[in-house]
S.K.: 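My structure is below; once you've seen it, I'll send some questions.
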Amino acid sequence: MDKYSPKEIELKWQNRWAQWESAKAVEDGAKPKKYILDMFPYPSGAGLHVGHVESYTATDIYARYCRLKGFNVLHPQGWDAFGLPAENYAIKTGIHPAETTKRAVETFKRQMNSLGLSYDWSREVNSSDPDYYKWTQWLFLQFYKNGLAYKRMAKTNWCPSCQTVLANEQVVNGACERCGTAVVQKDLEQWFFKITDFIEPSFANDSDGQGPKKMAGLLNGLDDVDWPDSTKAAQRNWIGRSEGATVKFPIVILNEPRTRSGGSEESIIGGFKKYYRSFANAQDDKMFLEVFTTRPDTLFGCTYMVVCPEHPLISNFKFQISNFKEVQKYIEQAAMKTDLERAELTKEKTGVKLEGVSAVNPVNGQEIPIFVADYVLSGYGTGAIMAVPAHDVRDHEFAKKYGLPITKVVEADNKNERDGEEKQIVGVGALIRSESGKFIFQLRDANTNRFPGMIAPFGGGILEAELPINALKRELSEELNITTEDGEVSLIGNFESHFDRGKFIRMYYVARFETNGLKMTEGAETVELSLAEALENKKVTNFTKEVIRIFFGDSEAYAGEGVSVNSGFLDGLATVQAKKRMIEWLEEKKIGRRAINYRIRDWLISRQRYWGAPIPIIYCVKCGIVPVPESDLPVVLPTDVDFKPTGESPLVHSAKFQDVKCPHCDEPARREADTMDTFVCSSWYYLRYADPDNDRAFADPKQLAKWLPVDLYVGGAEHTVLHLLYSRFFTKALQKYGYLDFNEPFLKLRHQGTILAPDGQKMSKSKGNVINPDEVVAEYGADALRLYEMFLGPLEDAKPWNTASIAGVSRFLEKSWKVVLSDNFGFKGDHLPNNDEAIYRLINRAIKKVGEDIESMKFNTAISEMMKILNDLKEVMISHSVTPAAEDTFKKYFLIILSPFAPHIAEELWFRLGESESIFKKSWPEYDEKYLRVESVNLVVQVNGKLRHNLVVASEIEEEDAKKLALESDSVKKWLAGKEIAKIIFVSGKLINIVTK
RNA sequence: GCCGCGGUGGUGAAAUUGGUAGACACGAGAGACUUAAAAUCUCUUGGAGGCGACUCCGCGUGGGUUCGAGUCCCACCCGCGGCACCA
């Protein structure tokens, strides 16, 4: 027998499989289909990384398994080839993106083939190929025709480094997703896709004459798909649905109605009423400030209003605002800030009061001031808010700073009080920062009521411990007005005064603390101890951070729910009812209505970059925006363009590209020079695989019906709110306009977890800890790499790479090689008793377990099962022999269940066993229940829940017999000595638990 | 802050969904083969105690439910991911 040498066999089989077209999706109408898809990669110059290998191996195993199970499997691969990296590389080196992309694709493909991935390459797509983007452009035109693609002036995210606008989804923490540069706001005219049209259910066009079909929206459609919870939650989060109400506040101009109605408070309200009547039915929206709120029940607590710096109210009342100059200055400053700067959480809120105009709270007639402040966002709701400082932390902060009234209208359930009742209050303490910078919680002495550490002469006992700094920081910054910087609490303030105002710190501890006896140090001296030191010195016993809890009484601002008070007709109502009641009232008075707001905005798809699909639009002086006629598609991306970014699309500088005739009037016109976001190209590629060479449609409806939707989709979690949301939008839009008859593209989705470097950090070129799959294949072979990555742990978990462990799976392959190629599995079989039964048991168990594990994508345990049966095989063969028929069956079935994981070795051994047709043409074996039944089991005997004895008994043993056997055993008798049996629990085939009194 | 996921040996991880915690591997230790090393094979390997049979303790922490809890409930701590001044 020769040695197992992956190098020799793997290439051989890869070539043969290619020749045999064994991965080609067959169109056998008798079989059910499975569409198994990987997220098509961006072909980067760096080549495939181990993360790619992980997800591609997972889908490959599943695809190979499904073929063996008799499905028509569609398992394609392609290239998300447009994008910034290739363009940026081109700017640096002068090499055209088409060239670098072509090279990268070749590398990727070679690497994929070297892993034995069974892709149907006859369906390969490339998003930068004109035959592909022709249809991207065609889809754009359909969207345009149906009003889903539109151009408008908008505040956009501009990346100064990439010199292009970005979609909201591509801005991460205020910075460009690609390069990390802080994004600035720019007013630009840009193309959008109306993704917001599909949030809620809508009706598809009546394509089959059966009437319009109701289709799920982006929100409720998530209920129907098998996706990770985290991904569904993230999408819901991103869409950000909020239910509440809009409310119109009348605006009072101080030198108009107010002067007319006199000066007293009484007359102001009277004046308001008159004023309000006259405007409530008028359609003059300028005289109202409309807000959106999720807490209409707190309207009685609204004591001021805030508009965003961009709000039209400011220019509308330009001449009534007496401090307009100051306001204007503030607005200009706000406009200069990046999103990131505006959102600085640590920074204080700023704002300017609009002098000369105010608003009237419609529920109580109170005149309230209006501020402009950049903590109110222009893009959400109406760009204006009603501020309820008693019940909103942001409003509270602002009100504190500007001395605005805070009116409490909801009584919260005081959870803290309840907790306090359950735990004993030991004392009251102070937080102080010592000279060395350590943070100390100091307990007030219960006898003297003094704080010994602070007022040394008074003496007394002290307790000290370090507390988790993060928890403290959180609580302190919110509750005690303490500034925090660099992870350290820097100021405590006057403790006594906090105490006086009821904002004292109370310390609670749980009962165990008391029983261990708290020892306080004597004397006035402040001793600094870390927790470890304290325990070491036995000054404090059993003191853990869980033992000590601090919280603060009487928080003024909270966002929680409770019971309405001081709220007129809402008094006594719980929040949920109060909201309802208030909305009814608002609707009745016609000053507000139920409203739903979403966080998500329309998708900005135009980019001022070169390497993307051109937007098929022509601008004509006479006809305006003219879509390119479908017959003129594709609008080909010119290759002779200087692609240095200038803030305009590089295509602007190509006269050949730009100068065209208007398709309507034939007058000279100009082409749109922006290209589409690459995410547009990737939003429909999974449809193209169904019919990749079609030049009359993006795909033939029959082919789409045959293969779509995708049954299993695997890819990185980083696409949660980008690609996966956009693709769902595309699918829904295409269903609405009759091109598809489903609206969720991916029925089952799984993410692969990140593979970390051996040091537990992320792999990155700069850290030099990147594992190159090519090197692993060269050393251990593709089968070993595939097995290793699957054996590491659950697919979706993040897990560190451990080169040493590859040896384990490598050994397993070598063992498999020997076992299959040796007679009698390599054991001496003469004269030993025959035990075919045991062999059949092993293999049937494995067929069942491995099949089930593949179906639930638990590849790690599937592999361990295969390792286990080889271990168990040895156990059997040491003392038994088998017949050649049993041996052959075991070997062949073993190879079939191994083949999805390690296809090369399985195919090689298959042929060496004398077979003449590929193992992948075979069927997944059916397991035989007969061999899974066990006649004897290990029955666990417990006494009071503790394992005391094991009984090997027949699996169908009767309860009475089992009890008898258990009670007879010596070890059980020992534990029952002198005790009375209360009851006996019997779980058939599993255990007996004897409970004593 | 909100939402989601997780916390089990020296390491990667299993655990039939409430029934023997640590399967399967890696690593480590001891031994066999070898002149030697590698490879391979055998045994040991959660912690503590005991010569031993065995005993006690162990799934982030503290409670609870149960004959029985890694699994269910309550409270909390820590880590990761998403969103974040979204009213």
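What you are looking at is a predicted structure, and each value in this text was computed from that prediction instead of being measured. Letters go in sequence order (proteins before strands), and every chain restarts at 1.
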S.K.: Pairing check on B/U65: which nucleotide meets the Watson-Crick or G-U wobble criteria with it, both distances under 3.5 Å?
M.R.: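 The base-pairing partner of B/U65, which may sit in any strand shown, does not exist here.
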
S.K.: Side-chain N or O of A/Arg236 less than 4.0 angstrom from OP1 or OP2 on B/G82?
M.R.: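 Looking at the OP1 and OP2 atoms of B/G82, neither is under 4.0 Å from any side-chain N or O of A/Arg236.
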
S.K.: Once you apply the 3.5 Å cut-off to both distances, tell me the Watson-Crick or G-U wobble partner of B/C85, or none.
M.R.: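 Per the H-bond distance test, none.
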
S.K.: Inspect the contact between A/Glu814 and A/Lys3 and indicate whether a charged nitrogen and a carboxylate oxygen are less than 4.0 angstrom apart.
M.R.: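 No, no charged N to carboxylate O under 4.0 Å.
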
S.K.: Side chain of A/Leu377 only, heavy atoms from C-beta on: which candidate in B/C83, B/A87, B/G82 is closest?
M.R.: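 The listed nucleotide nearest to A/Leu377's side chain is B/A87.
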
S.K.: Under 3.5 Å, is there any donor-acceptor pair linking the side chain of A/Lys868 to the base of B/C24?
M.R.: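 Donor-acceptor pair under 3.5 Å: no.
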
S.K.: Report yes if a side-chain nitrogen or oxygen of A/Arg811 is closer than 4.0 Å to either non-bridging phosphate oxygen (OP1 or OP2) of B/U40; otherwise report no.
M.R.: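 Affirmative; the distance criterion is met.
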
S.K.: Would you say A/Tyr4's side chain and A/Lys818's backbone share a donor-acceptor pair under 3.5 angstrom?
M.R.: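 Not a single qualifying donor-acceptor pair exists.
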
S.K.: Rounding to a whole Å, what distance do you find between A/Arg601:CZ and B/A84:P?
M.R.: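 So the CZ-P distance, A/Arg601 to B/A84, works out to 10 Å.
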
S.K.: Round to the nearest Å and state the distance from A/Tyr788 atom OH to B/A25 atom P.
M.R.: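 Roughly 16 Å, once rounded to whole Å.
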
S.K.: By nearest atom, which of the nucleotides B/A13, B/A15, B/A87 is closest to the A/Thr861 side chain?
M.R.: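 My answer, after comparing the listed nucleotides, is B/A15.
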
S.K.: Determine the contact category for A/Ala373: base if any of its heavy atoms lies under 4.0 Å from a base atom, sugar-phosphate if only primed atoms, P, OP1 or OP2 are that close, otherwise nothing.
M.R.: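 Contact class for A/Ala373: none.
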
S.K.: Between A/Asn871 and B/A23, is there a side-chain N or O to OP1/OP2 distance below 4.0 Å?
M.R.: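 Negative; the distance criterion is not met.
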
S.K.: Tell me what A/Glu865 touches on the nucleic acid: a base, only sugar-phosphate, or nothing, going by heavy atoms under 4.0 Å.
M.R.: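 Answer is nothing: A/Glu865 stays at 4.0 Å or more from every strand.
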
S.K.: In terms of base orientation, is B/G82 syn or anti, with the syn window spanning 90° either side of 0?
M.R.: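 Anti.
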
S.K.: On RNA chain B, check which nucleotide each of A/Lys946 and A/Ala807 is closest to and give me the residue with the more 5' one.
M.R.: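 Going by which nucleotide is closer to the 5' end, it is A/Ala807.
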
S.K.: Rounded to whole angstrom units, what separation is found between the CG atom of A/Asp797 and the P atom of B/C80?
M.R.: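 Value for this atom pair: 15 Å.
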
S.K.: Categorize A/Thr720 for me: base, sugar-phosphate, or nothing, with a 4.0 angstrom heavy-atom threshold over every strand shown.
M.R.: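 Here A/Thr720 touches no strand at all.
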
S.K.: Side chain of A/Ala233 only, heavy atoms from C-beta on: which candidate in B/C26, B/G4, B/A87 is closest?
M.R.: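 Ranking B/C26, B/G4, B/A87 by closest atom to the A/Ala233 side chain puts B/G4 first.
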
S.K.: According to the Watson-Crick and G-U wobble definitions, with both distances under 3.5 Å, which nucleotide is paired to B/C41?
M.R.: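 Because both required distances fall under 3.5 Å, B/C41 counts as paired with B/G31.
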
S.K.: NA contact type, A/Asn597, heavy-atom cut-off 4.0 Å: base, sugar-phosphate, or nothing?
M.R.: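 The answer is nothing, as A/Asn597 stays clear of every strand by at least 4.0 Å.
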
S.K.: What's the gap between B/G10 and B/C72 when it is taken at their P atoms, as a whole Å value?
M.R.: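 Taking atom P in both B/G10 and B/C72, they lie 25 Å apart.
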
S.K.: Starting at the 5' end of RNA chain B, which residue's closest nucleotide do you reach first, A/Pro794 or A/Met386?
M.R.: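 Closer to the 5' end of RNA chain B: A/Pro794.
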
S.K.: Would you say B/A87 has OP1 or OP2 under 4.0 Å from some side-chain N or O of A/Tyr380?
M.R.: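 For B/A87, OP1 or OP2 has a side-chain N or O of A/Tyr380 closer than 4.0 Å.
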
S.K.: Do the ring planes of A/Tyr304 and A/Phe371 sit parallel (below 30°), tilted (30 to 60°) or perpendicular (above 60°)?
M.R.: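 Plane angle over 60°, so perpendicular.
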
S.K.: Indicate yes or no for a side-chain donor-acceptor contact from A/Asn944 to the backbone of A/Thr996 under 3.5 Å, with no hydrogens or angles considered.
M.R.: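 Between the backbone of A/Thr996 and the side chain of A/Asn944 there is a qualifying donor-acceptor contact (under 3.5 Å).
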
S.K.: In whole Å, what separates the P atom of B/A75 from that of B/G4?
M.R.: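 It comes out at 14 Å once rounded to the nearest Å.
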
S.K.: Determine the interatomic distance between P on B/U45 and the same-named atom on B/A38; round to the nearest Å.
M.R.: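 Pairwise P distance, B/U45 against B/A38, rounds to 24 Å.
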
S.K.: Which nucleotide in the set B/A15, B/G12, B/G19 lies at the smallest distance from any side-chain heavy atom of A/Phe791?
M.R.: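 Looking only at heavy atoms from C-beta outward on A/Phe791, the closest nucleotide is B/G12.
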
S.K.: If we take the C1' atom in both B/C77 and B/C41, what is their distance in whole Å?
M.R.: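 Result for the C1' pair: 47 Å, nearest Å.
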
S.K.: Tell me the interatomic distance from A/Phe292, atom CZ, to B/C85, atom P, rounded to whole angstroms.
M.R.: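 So the CZ-P distance, A/Phe292 to B/C85, works out to 16 Å.
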
S.K.: If I take atom CG in residue A/Asn860 and atom C1' in nucleotide B/U8, what distance separates them, rounded to the nearest angstrom?
M.R.: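 Between C1' of B/U8 and CG of A/Asn860: 15 Å.
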
S.K.: Charged N to carboxylate O below 4.0 Å: is that the case for A/Asp223 and A/Arg236?
M.R.: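 Yes, this pair counts.
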
S.K.: How far, in whole Å, is B/A23 from B/G9 if one measures between their P atoms?
M.R.: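 Roughly 13 Å separates the two P atoms.
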
S.K.: May I ask you to verify whether the side chain of A/Asn237 and the base of B/C83 hold a donor-acceptor pair under 3.5 Å?
M.R.: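 Counting by modelled atom types and ignoring angles, no donor-acceptor contact under 3.5 Å is found here.
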
S.K.: Using the C1' atom as the point on both nucleotides, what is the distance between B/C26 and B/A14, in whole Å?
M.R.: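 Approximately 15 Å lies between the C1' atom of B/A14 and that of B/C26.
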
S.K.: Check whether more than 12 heavy atoms from other residues, nucleotides or ligands sit under 6.0 Å from atom CZ of A/Arg593, and answer yes or no.
M.R.: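 No, not enclosed.
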
S.K.: Parallel, tilted or perpendicular for A/Phe398 and A/Tyr402, by the 30°/60° rule?
M.R.: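 Tilted.
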
S.K.: Whole Å only: how far is the NZ atom of A/Lys799 from the P atom of B/C26?
M.R.: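 Distance check: A/Lys799 NZ to B/C26 P gives 19 Å.
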
S.K.: Just call it for A/Lys874: base, sugar-phosphate, or nothing, with non-hydrogen atoms closer than 4.0 Å on any strand.
M.R.: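 The residue A/Lys874 makes sugar-phosphate contact but no base contact.
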
S.K.: Taking the side chain of A/Val940 as heavy atoms from C-beta outward, which of B/G12, B/G19, B/U20 is closest to it?
M.R.: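 Comparing B/G12, B/G19, B/U20 against the side chain of A/Val940, the answer is B/U20.
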
S.K.: What is the separation between atom CG on A/Asn944 and atom C1' on B/U55, rounded to the nearest whole Å?
M.R.: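 The answer, rounded to whole Å, is 16 Å.
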
S.K.: Can you tell which of B/U20, B/C83, B/G19 lies closest to the side chain of A/Trp238?
M.R.: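 My answer, after comparing the listed nucleotides, is B/C83.
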
S.K.: So, do A/Tyr788 and A/Trp801 have ring centers that fall under 6.0 Å from each other?
M.R.: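 They qualify: ring centres under 6.0 Å apart.
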
S.K.: When you measure from the side-chain N and O atoms of A/Lys349 to the phosphate of B/C85, is any distance below 4.0 Å, counting only OP1 and OP2?
M.R.: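 Checking B/C85 against A/Lys349, no side-chain N or O comes under 4.0 Å of OP1 or OP2.
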
S.K.: Whole angstroms only, please: what is the CD1-P distance between A/Ile600 and B/C3?
M.R.: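 Between P of B/C3 and CD1 of A/Ile600: 20 Å.
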
S.K.: May I ask you to say what A/Trp975 touches in the nucleic acid, namely base, sugar-phosphate or nothing, with a heavy-atom cut-off under 4.0 Å?
M.R.: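 Sugar-phosphate, backbone atoms only, no base.
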
S.K.: Provide the distance between the two P atoms, one in B/U11 and one in B/G47, to the nearest whole Å.
M.R.: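 It works out to 12 Å between them.
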
S.K.: With respect to the side chain of A/Lys974, which nucleotide from B/A87, B/C54, B/G27 is positioned closest?
M.R.: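 Closest nucleotide among those given: B/C54.
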
S.K.: Should B/G4 form a Watson-Crick or G-U wobble pair with both distances under 3.5 Å, which nucleotide is its partner?
M.R.: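 For B/G4, the partner nucleotide comes out as B/C80, under the 3.5 Å rule.
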
S.K.: What is the base-pairing partner of B/G9, counting Watson-Crick and G-U wobble geometry with both distances under 3.5 Å?
M.R.: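 Across all strands, not a single nucleotide pairs with B/G9.
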
S.K.: Report which part of the nucleic acid A/Lys858 touches: base, sugar-phosphate, or nothing (heavy-atom distance under 4.0 Å, all strands).
M.R.: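 Answer is sugar-phosphate: A/Lys858 comes under 4.0 Å of backbone atoms only.
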
S.K.: What distance, rounded to whole Å, do you find between the two C1' atoms, one in B/C54 and one in B/C5?
M.R.: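 So the two C1' atoms sit 42 Å from each other.
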
S.K.: With syn defined as a glycosidic torsion within 90 degrees of 0 and anti otherwise, which applies to B/U42?
M.R.: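 That one's anti.
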
S.K.: Scan A/Leu792 against the nucleic acid and name what it touches under 4.0 Å (heavy atoms): base, sugar-phosphate only, or nothing.
M.R.: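 Result for A/Leu792 = sugar-phosphate.
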
S.K.: Taking the minimum atom-to-atom distance to the side chain of A/Ser864, which one of B/C24, B/A87, B/U55 wins?
M.R.: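 So the side chain of A/Ser864 is nearest to B/C24.
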
S.K.: Count the heavy atoms of every other residue, nucleotide or ligand shown that sit under 6.0 Å from NZ of A/Lys973, and state whether that count exceeds 12.
M.R.: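 Check passes, neighbour count above 12.
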
